[in-house]
Structures are given as C-alpha cells and as structure tokens.
Amino acid sequence: MRDVRIATFNANSVRVRLPIILDWLAENEPDVLALQETKCEDSKFPVAEFEEWGWHTAIHGQKARQGVALVSRRPLGNVRIGFGDPLFPEDCRIISAELDGIAVVNTYVPNGTAVGSDRFEYKLRWLERFRHYLGERYRPTDPVVWLGDINIAPTPDDVYDSRKFLGGVGHHPDEFKRLSAILQFPLIDTFRTLHSGASHYTFWDFVIPRALERNLGWRIDHIYATVPLAARCTSCEIDREPRMMERPSDHTFVVAEFGK
DNA sequence: ATGGTTGGCATCCAA
C-alpha cells in the first residue's frame, strides 16, 4: 500500500479557486486535502464538482468569511466541526476527521489583523483554546496531523524580512508563545524536519508587486505530526506551481507523505 | 511615509 499523502491549501474562495484545486488534486492524488478560507456557506460549496471527479467532501462554512473543508479520495470517518464548545465563538475555523487510523485536524487560525486589536486578542485566545482541544481529544502516542493556515511565521527563517516584521501580526512573541505551548503536546513541524534555512514560503501577499518572483513570502501554512506519526514522515514539500497560475490564491499547497 | 491586491457583498471589510 502506498504512503498516506496529506495536503493543505488556503484557497481564498473555494469557488474561485476550483479549477486550480481540481487540477492539483488530479496531478497529486492526495488522500486528504485540507482547505481553508473556503468563504462560502455549505449550501454554496461546490460539492457536486468535487464528486464528479471522485472526491468526497466534509465541509464547515459560513457566508463570505473563513470556512474549512476536507477533500478526500475515500470517505472520512468521525468528522467533527468546531471546538464542540458552545461558549467559544464559532466561526468555522476547525474541522477534523479520521483516515487510515490517522486523525487529521484542519485549522484556519485567525489572522489577528493588528497587534493590540480585539482580533489579535481573539487570535491568542483561539490558540489557547486549540491547545486544550488537542489535549481533550488526543494522546501524544496517537497518530495525529495538525495542518492548515497557522497564520504564524514562527522563526526568522519563516518570513522574508524577520527584522521588519518582528512584533507585528504573524511574527509576534505572544503568538510564538501560544504556538510553542501547542507544540509541547508534542507536535513536530514535518517541513522543518526535512528542510532548513530561509526562503521556503507558502504565502505571498497580493499587495506586494511581483511578490512571488521576488520571493517576498511567509511560511504560515504548516503540517505538524505527533512523534510516532512524524517518525513515518518521508516527505514534506511546498508546491509553488499553483501560485503561478491564472487567478491564484495568495497561498499555495503544502503536502506531506507518511509511510504505512 | 505611502500604497500597492483580492474576494465577497454591498459600495466596505478582512486578509
């Protein structure tokens, strides 16, 4: 049996990015693709188009903003949406499921907007809530993948100008602290296990002219695994091709493979 | 120092 292939992509509208997503799926044949920023309520998600090409979907969306989904070759088990906590704000940022004994947890971490804003405080609270979510549901010995748009560049190598952005949204010590606490589960950054150094990015801001060509990017889309699963990780790669296509997302795909 | 882009929905907000 071949490796399990698990990918992530912030689509920035699943409807606009449908051709890019379907192309990428056909080319790469992942077992699961985690999508973020689908930006549509469930009734408007292009379920039929995915099914036409043999892909199952598990979706958790809302009108216009946020939204996450899992796309898979085979049906997923035990699909869960949200934190399952009625006290915590529910804005469609988390969906999880099981495949081949692996728990796949897909998140769209809040952006944070501006340091000191209510949205930034919400980002920090959200990350704390997520740490508890992991502890409530899983043990360190379980095979668990946490992936998605993490919206944090955790080290100086993960953003094109660390000095410029240190202390700003996405590269702030308070974010590093919350992420470190989550990773103490422990979880392993599968990309960093296999690749060191700067210039490996997954997001290039639309606002910056020719950002991709100049590689003015951020590595904010991550694939983490628990220790026993990380030991089975044979590859983790960023695919820049989709960022070069017509009408791209501002993010691109990351894909990891795990041996049986 | 500023502005540069995109998507969704409504003519502005979030990213």
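Chain A is the first sequence line, chain B the second, and so forth, proteins listed ahead of strands; every chain is numbered from 1. The analysis underlying the following values was restricted to heavy atoms, covering all of them including side chains, and did not include hydrogens, waters or symmetry mates.
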Taking the basic N atoms (NZ, or NE/NH1/NH2) and the acidic carboxylate oxygens, is any pair closer than 4.0 Å for [X] and [Y]?
X: A:R74; Y: A:D100; value: yes
X: A:K177; Y: A:D174; value: no
X: A:E41; Y: A:K63; value: no

Taking the [atom1] atom of each, how far is [N] from [M], in whole Å?
N: B:dC9; M: B:dA15; atom1: C1'; answer: 15 Å
N: B:dT11; M: B:dG7; atom1: C1'; answer: 14 Å
N: B:dT2; M: B:dT6; atom1: P; answer: 23 Å

Does A:E246 use its side chain to pair, donor to acceptor, with the backbone of A:P248 at less than 3.5 Å? no
Short side-chain to backbone donor-acceptor contact, A:H171 and A:D158, under 3.5 Å: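 No, because the side chain of A:H171 does not come within donor-acceptor range (under 3.5 Å) of the backbone of A:D158.
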In whole angstrom, what separates [X]'s [atom1] from [N]'s [atom2]?
X: A:D250; N: B:dA15; atom1: CG; atom2: P; answer: 12 Å
X: A:D221; N: B:dA15; atom1: CG; atom2: C1'; answer: 13 Å
X: A:I20; N: B:dT6; atom1: CD1; atom2: C1'; answer: 13 Å
X: A:D205; N: B:dT6; atom1: CG; atom2: C1'; answer: 10 Å
X: A:L212; N: B:dT5; atom1: CG; atom2: C1'; answer: 14 Å
X: A:Y122; N: B:dA15; atom1: OH; atom2: C1'; answer: 15 Å
X: A:E37; N: B:dT6; atom1: CD; atom2: C1'; answer: 10 Å

Would you say the ring centers of A:W126 and A:Y108 fall short of 6.0 Å from each other? no
Could you tell me if the ring centre of A:F185 sits under 6.0 Å from that of A:W146? no
Please classify the nucleic acid contact of A:R210 as base, sugar-phosphate, or nothing, using heavy-atom distances under 4.0 Å. nothing
Short heteroatom pairs, N/O only, protein and nucleotides 9-14 of chain B, under 3.5 Å:
| residue | atom | partner | partner atom | Å |
| --- | --- | --- | --- | --- |
| B:dA14 | OP1 | A:R119 | NH2 | 2.5 |

Within the structure, does a side-chain N or O atom of A:S13 lie under 4.0 Å from either OP1 or OP2 of B:dT6? no
For A:H222 versus A:T8, what's the shortest heavy-atom pair and its separation? O-CG2, 4.4 Å
Scanning both residues in full, the closest heavy-atom pair of A:V4 with A:K260 reads CG2-NZ, 3.6 Å
Residues from residues 157-171 of chain A lying under 4.0 Å of DNA chain B - heavy atoms: none
Taking ring pair (Phe, Tyr, Trp, His ring centres under 6.0 Å) as the criterion, tell me which of A:Y201, A:W204, A:F203 meets it with A:H251. A:F203
Going by side chain to side chain contact (heavy atoms under 4.5 Å, CB included), A:Y224 matches just one of A:V145, A:V105, A:I150, A:L229. Which one?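 Only one option passes, and that is A:I150.
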Between N or O atoms, less than 3.5 Å apart, protein on one side and nucleotides 1-4 of chain B on the other: list the pairs.
none

Establish whether A:F176 and A:I182 are linked, either directly or via other cluster members, by ILVMFWY side-chain heavy-atom contacts under 4.5 Å.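 Cluster IDs for A:F176 and A:I182 match.
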Nearest-nucleotide check on DNA chain B, A:N10 vs A:V16; residue mapping nearer the 5' end is A:V16
